[in-house]
Amino acid sequence: MTTATSFRECEQIIINELSDVLSNVDENQIDELVDLITGARKVFFVGVGRVELALEAIAKRLAHLSIDTVMVGQITEPAICDKDLLIVGSGSGKTGFPLFIAGKAKSFGAKVARIGIVADCPMKQYTDLFVHVPAAGKPGSGTKPSEQPMTSLFEQSLLLVGDAIAMSLVRKQDIDLDSLWEFHANLE
């Protein structure tokens with residue numbers, strides 16, 4: 001067996017891994033998440049590292065759909081309340097900052113949804129909904145391995161789950177795609 005080194009070989013490995021993970025995401029969990037998103041006054045997002053970057057992209061896309069989104073820590077972040085939803089991206093469910101924020105959100109009565117790899121974790125106590133993304137996790141997490149470095153597969157899968165949710169919302173609400181440009185940044 002040879003080790004893939006060309007762009008096309010690596011691309012195919014990534015596509016195959018993503019296809020495998022996404023085909024194993026429970027659509028019922030996604031439907032519950034969509035209901036939480038559409039029923040919330042505001043949707044807050046928290047994660048760290050590359051997970052945070054994926055969540056920022058999801059928040060931006062949902063904002064294009066007129067959903068009031070907030071990244072935890074942004075300078076204009078408002079108070080969270082019992083009418084709001086916090087979406088936590090954390091593969092392990094034990095990363096310090098997101099775990100702390102989930103606890104704070106629950107103390108204010110907000111709903112908490114976590115998109116992650118490991119179900120049985122410290123964040124479980126704060127989570128109203130867990131969306132399982134069966135991607136490769138950190139060493140020792142008991143998840144299946146990925147040929148990609150570190151937790152790339154989870155971060156990629158998280159972004160694609162967010163894009164699929166946005167596309168589903170567009171279609172369910174029969175939103176004209178051209179009308180979305182009204183919400184796109186125009187100071188670029």
Side-chain angles (χ1 to χ4, degrees), residues 21-22 24-63 65-144 150-166 169:
V21 168
L22 294 175
N24 286 292
V25 171
D26 184 336
E27 192 168 5
N28 292 321
Q29 292 173 347
I30 298 296
D31 290 342
E32 287 182 55
L33 180 56
V34 167
D35 288 344
L36 288 174
I37 290 169
T38 57
R41 178 188 70 118
K42 293 183 185 303
V43 181
F44 291 72
F45 293 85
V46 68
V48 295
R50 285 172 42 116
V51 168
E52 181 179 21
L53 296 175
L55 291 172
E56 286 177 349
I58 295 167
K60 177 79 168 181
R61 183 61 67 223
L62 293 180
L65 304 180
S66 300
I67 293 169
D68 195 351
T69 62
V70 178
M71 288 302 301
V72 170
Q74 72 184 35
I75 195 69
T76 56
E77 176 187 343
I80 196 167
C81 73
D82 61 355
K83 296 175 181 63
D84 298 326
L85 169 66
L86 173 69
I87 296 178
V88 180
S90 175
S92 68
K94 60 183 179 182
T95 306
F97 181 66
L99 180 58
F100 174 77
I101 295 299
K104 290 284 287 188
K106 284 308 289 180
S107 76
F108 292 112
K111 295 279 189 207
V112 176
R114 182 173 72 90
I115 304 172
I117 301 169
V118 180
D120 192 18
C121 64
M123 200 171 302
K124 183 178 182 177
Q125 65 185 315
Y126 306 121
T127 305
D128 297 291
L129 173 65
F130 174 62
V131 176
H132 184 225
V133 175
K138 293 178 181 173
S141 65
T143 59
K144 62 183 170 183
M150 302 172 80
T151 57
S152 293
L153 182 58
F154 174 65
E155 295 134 11
Q156 295 158 352
S157 299
L158 176 60
L159 177 61
L160 293 178
V161 163
D163 279 344
I165 287 170
L169 286 168

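In this structure, CG on Leu158 lies 4.0 Å from CD1 on Ile58, to the nearest 0.5 angstrom. The line from CG of Asp68 to CZ of Phe44 is 8.0 Å long, rounded to the nearest 0.5 Å. Note that CG of Leu85 and CD1 of Ile37 are 6.5 Å apart. Values are rounded to the nearest 0.5 Å. In this structure, Ile115 CD1 and Leu55 CG are separated by 6.5 Å, a value rounded to the nearest 0.5 Å.
Shown here are the side chain to side chain contact (heavy atoms under 4.5 Å, CB included) partners of Ala105, two or more places apart in sequence or in another chain: Ile80, Leu86, Ala110, Val112. Take Lys111 and apply the salt bridge (Lys or Arg N to Asp or Glu O under 4.0 Å) test, not counting sequence neighbours, and it matches no residue. The side chain to side chain contact (heavy atoms under 4.5 Å, CB included) test applied to Asp35 returns no partner, not counting sequence neighbours. With sequence neighbours excluded, no residue forms a side-chain hydrogen bond (donor to acceptor under 3.5 Å, both in side chains) with Ser107. Residues that satisfy the side-chain hydrogen bond (donor to acceptor under 3.5 Å, both in side chains) test with Gln125, not counting sequence neighbours, are absent from this structure. Applying the side chain to side chain contact (heavy atoms under 4.5 Å, CB included) test to Gln156 and every residue at least two apart in sequence or in another chain returns Ile14, Leu18, Gln148, Ser152, Leu153. Residues satisfying the salt bridge (Lys or Arg N to Asp or Glu O under 4.0 Å) criterion with Asp26, sequence neighbours excluded, are absent altogether. The side chain to side chain contact (heavy atoms under 4.5 Å, CB included) test applied to Glu32 returns Leu129, not counting sequence neighbours. Residues satisfying the salt bridge (Lys or Arg N to Asp or Glu O under 4.0 Å) test with Asp163, not counting sequence neighbours, are none.
Under the 4.5 Å side-chain criterion, counting only non-hydrogen atoms from C-beta, Leu62 is in contact with Leu169. You'll find the side chain of Ile87 reaches within 4.5 Å of the side chain of Val43, heavy atoms only.
When all heavy atoms of Met71 and Ala59 are compared, the closest pair comes out as SD-CB, 4.1 Å. When all heavy atoms of Arg114 and Gly91 are compared, the closest pair comes out as NH1-O, 3.5 Å. Closest non-hydrogen pair, Ala135 versus Ile117, comes out as O-CG2, 3.4 Å.
For residues 100-135, the pairs satisfying ring-ring contact (aromatic ring centres under 6.0 Å, His included) are Phe130-His132, with sequence neighbours left out. Residue pairs meeting the salt bridge (Lys or Arg N to Asp or Glu O under 4.0 Å) criterion with at least one member in residues 84-105, sequence neighbours excluded, are Arg41-Asp84.
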Throw together a table of side-chain donor-acceptor distances under 3.5 angstrom for residues 45-54, partners on residues two or more places apart or in other chains.
unit_1, atom_1, unit_2, atom_2, d
Arg50, NE, Glu155, OE1, 2.6
Arg50, NH2, Glu155, OE1, 3.1

